[in-house]
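Okay, so here's the structure we're looking at.
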Amino acid sequence: MNFNTKTIHGGQKHEEATGSVMPPIFQTSTYAQSSPGQHKGYEYSRAANPTRTALENNFAAIENCTHGFAFSSGLSAIDCVLKMLSSGDEVIAGDDLYGGTYRMFTRMFEKYGLNFQFVDTNEVTNVTNAVSQSTKLVWLETPTNPLMKIADIEKISEAVKAKDPNILIAVDNTFATPYLQQPLNLGADIVMHSATKYLGGHSDLVMGALMVKDKNLAEKLHFIQFAGGAIAGPMDAFLALRGIKTLHVRMQRHCENGRAIAEFLKNHHKVGEVYYPGFKDHPNHKVAKKQMRDFGGMVSFRLSDKSREAAFKFLENTRVFTLAESLGGVESLVNHPATMTHASIPETERIKIGVTDSLIRLSVGIEDINDLIDDLRRTLTL
């Protein structure tokens, strides 16, 4: 199947008892057994639930792999990956990460003996130079949150595996989605999504996802998920599966609107830097063009007036763009990373990578583009 068909039919089959086209919501915790240990493939919903199975099969289909896992949140999915490691192991990660990921790495897993190096993944050599005998995992975000940096997944995977084929490459694919980018096809071992965002697409659920091709790796992840219990519930699984069915058409509009918004901001006299990988002068535009189908609906920028007051005035006065956490829904959102999504990163570290008080992040929705531009134009003139 081509991708647009996979979002609707990938990994799916009609429900056997009734022929229901959509998988039913199996709102149950346990399942009858004919004899001790004899059941129909389901015994307890922490291990598996038919609604979640349908979603996980779809996850695998859209990332072009064999195993998908649905978690209670994106962070619980990341937590599962890190729990495969042991004290003394090292993780190399990008220096521009979602604040919650950074918080988990530095304030939780460092206490358990994991070591983290944060490097600029714009350059392959920054990653390979950091590899040591203790390195077990490379964690990439691309595009990054919120500065829209691009990591060359294929080249980083090849270079790291050449040093040590046992090092795992994991990619947070939340911003790009499988519609725009498929890291497993580029050499990565694990793909992670905050399915709360584009996969769900309607800001009505919280969920994480992991996708892998390797059976042994899948078994390790499933054991940790089963033993730890960080599972998605059946109602959320149903909502995510419904959301994915429109992923391809939503992403087309997100990309169209994102491009138009980026161009508008770039040409506005009250706007300074605009961070958008679709621009030819973006440092890694060629890499983005090579590994992505399009450039997505996320745009970050700074006002020419780089004061906190100017940023807050803008953030408090948009009408179509809603000031809120999160991203990837059908509605457009505006966010202040320094005080919202990335507040957990120490100020000195935020400033070092460029997450300053003047930075504003947009999640461009699928509304009429004229209304979105009018909202930004009006707000910028205040």
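Values in this document were obtained by computation on a predicted structure and should not be read as measured data.
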What do you reckon, is NZ of K306 surrounded by more than 12 foreign heavy atoms closer than 6.0 Å? yes
Using distance alone, with no hydrogens and no angle criterion, decide if R302 and T356 have a side-chain donor and acceptor under 3.5 Å apart. yes
Start with the C-alpha gap between Q12 and L241, add the side-chain angles, then the distance that decides, and say whether side chain to side chain contact (heavy atoms under 4.5 Å, CB included) holds. CA-CA 10 Å; Q12 302 304 293; L241 192 56; 3.5 Å; yes
Looking at every heavy atom in both G113 and S87, which two are closest together, and how far apart are they? CA-OG, 3.6 Å
Answer yes or no: is there a donor N or O on one side and an acceptor on the other, between the side chain of N335 and the main chain of R361, under 3.5 Å? no
Between R52 and E56, is there a salt bridge with N-O shorter than 4.0 Å? yes
Hydrophobic cluster partners of V138 (side-chain heavy atoms under 4.5 Å): I92, V119, V124, V127, V131, L140, I153, I156, V160, I167, I169, V171, L186
Take atom NZ of K286 as the centre, draw a 6.0 Å sphere, and report whether it contains more than 12 heavy atoms from other residues, nucleotides or ligands. no
Mark yes when over 12 heavy atoms from residues, nucleotides or ligands other than K266 sit less than 6.0 Å from its NZ; otherwise mark no. yes
Give the minimum heavy-atom separation between D368 and N370, together with the two atoms involved. OD1-N, 2.8 Å
Out of curiosity, M292 CE to I150 CD1, how far, rounded to the nearest 0.5 Å? 5.5 Å
May I have all residue pairs that pass ring-ring contact (aromatic ring centres under 6.0 Å, His included) and include part of residues 285-312, sequence neighbours excluded? H285-F295, F301-F314, F312-H336
Look at atom CD of E219 and say whether more than 12 heavy atoms of other residues, nucleotides or ligands are closer to it than 6.0 Å. yes
Can a side-chain donor-acceptor contact be found between R378 and N317 if the only test is distance below 3.5 angstrom? no
More than 12 heavy atoms of other residues, nucleotides or ligands under 6.0 Å from CG of N267: yes or no? yes
Closest non-hydrogen contact found for D96 with P146 is OD1-CD, 3.2 Å
ILVMFWY clustering at 4.5 Å (side-chain atoms), partners of F226: none
Can you pull the side chain to side chain donor-acceptor pair (under 3.5 Å) pairs that have at least one residue in residues 154-169, sequence neighbours excluded? K161-D189
Can you pull out every salt bridge (Lys or Arg N to Asp or Glu O under 4.0 Å) where at least one residue sits in residues 118-140? Sequence neighbours excluded, please. D120-K149
Check: Y198 ring centroid to H193 ring centroid under 6.0 Å: no
Residues which pass ring pair (Phe, Tyr, Trp, His ring centres under 6.0 Å) with Y31, listed by chain and number, not counting sequence neighbours: Y42
Quick test of your reading: applying ring-ring contact (aromatic ring centres under 6.0 Å, His included), list the pairs with at least one residue in residues 48-81, sequence neighbours left out, ordered by first then second residue. none
Is the gap between the ring centers of F118 and Y102 under 6.0 Å? yes
For residues 221-244, pull every pair meeting salt bridge (Lys or Arg N to Asp or Glu O under 4.0 Å), keeping only residues two or more places apart or in separate chains. none
May I ask you to decide whether D95 forms a salt bridge with K352, counting only side-chain N to carboxylate O separations under 4.0 Å? no
Please assess T101 against W139 for the test side chain to side chain contact (heavy atoms under 4.5 Å, CB included), listing each intermediate value before the final yes or no. CA-CA 10 Å; T101 305; W139 186 269; 4.0 Å; yes
Assess the side chains of N173 and E63: does a donor N or O sit below 3.5 Å from an acceptor N or O? yes
With sequence neighbours excluded, residues passing ring pair (Phe, Tyr, Trp, His ring centres under 6.0 Å) with H14: none
Do R308 and S358 make a side-chain contact, defined as non-hydrogen atoms from C-beta onward lying under 4.5 Å apart? no
Between A324 and M340 the two heavy atoms that sit nearest each other are C-CE, 3.5 Å
Kindly indicate, with the supporting measurements, whether the criterion side-chain hydrogen bond (donor to acceptor under 3.5 Å, both in side chains) is fulfilled by E331 and T322. CA-CA 8 Å; E331 71 289 327; T322 299; over 6 Å; no
Is there side-chain contact between E43 and Q33, with at least one heavy-atom pair below 4.5 Å? yes
Heavy-atom closest pair, residues H254 and V330: CE1-CA, 4.5 Å
Please determine, by modelled atom types, if E325 and T341 share a side-chain donor-acceptor pair under 3.5 angstrom. no
Shortest non-hydrogen pair, A240 vs L205, comes out as N-CD2, 3.5 Å
What pairs meet the salt bridge (Lys or Arg N to Asp or Glu O under 4.0 Å) rule with one or both residues in residues 245-254, with sequence neighbours excluded? R253-E256
Would you please name every residue forming a salt bridge (charged side-chain N to carboxylate O under 4.0 Å, His left out) with R377, sequence neighbours left out? D374
Side-chain heavy atoms under 4.5 Å apart, restricted to Ile/Leu/Val/Met/Phe/Trp/Tyr: what other residues fall into the cluster of F26, or is it alone? none
